[in-house]
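A short worksheet on the structure shown next.
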Amino acid sequence: DAKTTQPPSMDCAEGRAANLPCNHSTISGNEYVYWYRQIHSQGPQYIIHGLKNNETNEMASLIITEDRKSSTLILPHATLRDTAVYYCIVRVVIRDFGNEKLTFGTGTRLTIIP
Amino acid sequence: GAVVSQHPSRVICKSGTSVKIECRSLDFQATTMFWYRQFPKQSLMLMATSNEGSKATYEQGVEKDKFLINHASLTLSTLTVTSAHPEDSSFYICSAERGLAKNIQYFGAGTRLSVL
């Protein structure tokens, strides 16, 4: 069963903020939310992850709702190079004992429009 | 970020031959590496989890005798597709997990295998 639900595609104008939603209504307390993206014919690239607090790094911001049932990845100033498939993944992280595997869904195909 | 190198990036081979793909973590030690396969217009599917010094764990439906995985060091895992057939043509991607603190998988650039 899919753990996350994402829109299949989105468009965003270059220079604007891209907001990618993800629903994970069955997330459990020890599951983190991870975001990866895959540019055409390349391996996936890690973007960001979080448990319950909002997170920000040099690539993006991750906003997780208080009930943790959904999240939004924000690319603040989208460029053409941000065109990719974005994957939202929930995953149990068990320190010192290894981690649950990453299960990729179908993701959101984000197209940045010039 | 951490770097995972995958080689070769593309390989074309004849049916019945074996192909070896290397995955290296360049700036960190990886006790666990993963191998994925991706068919056109589909998502990544995990094939196996490779642990340094032990046998790989294969996902259901993946033939362990056909897809041989060796993880002999903390920086190198190899996937050998034995007796390749056209239906094995796909995009193979490896990843390595960096440490226990951050628990982030870093991916190689992928290997496109075409079996004629």
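In what follows, every heavy atom counts, from backbone to side chain, and hydrogens, waters and symmetry copies are set aside. Within every chain, numbering begins at 1; the chains are lettered A, B, ... in the order of the sequence lines, protein sequences first and strands thereafter. Computed from a predicted structure; not experimentally measured.
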Checklist entry - For A:Ser41, is it the side chain, the backbone, both, or neither that has a heavy atom closer than 4.5 Å to a heavy atom of chain B? => result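 Both backbone and side chain.
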Next on the checklist: Please classify the contact of A:Gln38 with chain B as side chain, backbone, both or neither, using a heavy-atom distance under 4.5 Å.
Outcome noted: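 Only the side chain of A:Gln38 comes within 4.5 Å of chain B.
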Item to check | Structural part of B:Glu59 lying under 4.5 Å from a heavy atom of chain A | outcome: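 For B:Glu59, the side chain is the part near chain A, not the backbone.
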[X] with [Y], same ILVMFWY side-chain cluster at under 4.5 Å:
X: A:Ile112; Y: A:Leu73; value: yes
X: B:Met33; Y: B:Leu76; value: no
X: B:Val81; Y: B:Leu68; value: no
X: B:Leu79; Y: B:Tyr106; value: no

Is it true that, when you exclude [X] itself, more than 12 heavy atoms of the residues, nucleotides or ligands shown sit nearer than 6.0 Å to its [atom1]?
X: B:Lys66; atom1: NZ; answer: yes
X: B:His85; atom1: NE2; answer: yes
X: A:Arg68; atom1: CZ; answer: yes
X: A:Met59; atom1: CE; answer: yes

[X] side, atom [atom1]; [Y] side, atom [atom2] - distance, nearest 0.5 Å:
X: B:Leu46; Y: A:Phe104; atom1: CG; atom2: CZ; result: 9.5 Å
X: A:Ile48; Y: B:Ile104; atom1: CD1; atom2: CD1; result: 10.0 Å
X: A:Leu102; Y: B:Phe34; atom1: CG; atom2: CZ; result: 7.0 Å
X: A:Thr106; Y: B:Lys41; atom1: OG1; atom2: NZ; result: 14.0 Å

Item to check | Output field: ring centroids A:Tyr46/B:Phe107 closer than 6.0 Å | outcome: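 Ring centroids of A:Tyr46 and B:Phe107 are no less than 6.0 Å from each other.
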Next on the checklist: Could you check whether any side-chain N or O of A:Tyr36 sits under 3.5 Å from a backbone N or O of B:Gln105, counting only pairs where one atom can act as donor and the other as acceptor?
Outcome noted: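 Present.
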Next on the checklist: Minimum heavy-atom separation for A:Tyr87 and B:Gln38, please, with both atom names.
Outcome noted: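 Closest pair (atom of A:Tyr87, atom of B:Gln38, distance): OH-NE2, 4.0 Å.
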Item to check | B:Tyr36 and A:Pro44, any side-chain heavy atoms less than 4.5 Å apart | outcome: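 No, too far: nothing below the 4.5 Å cut-off.
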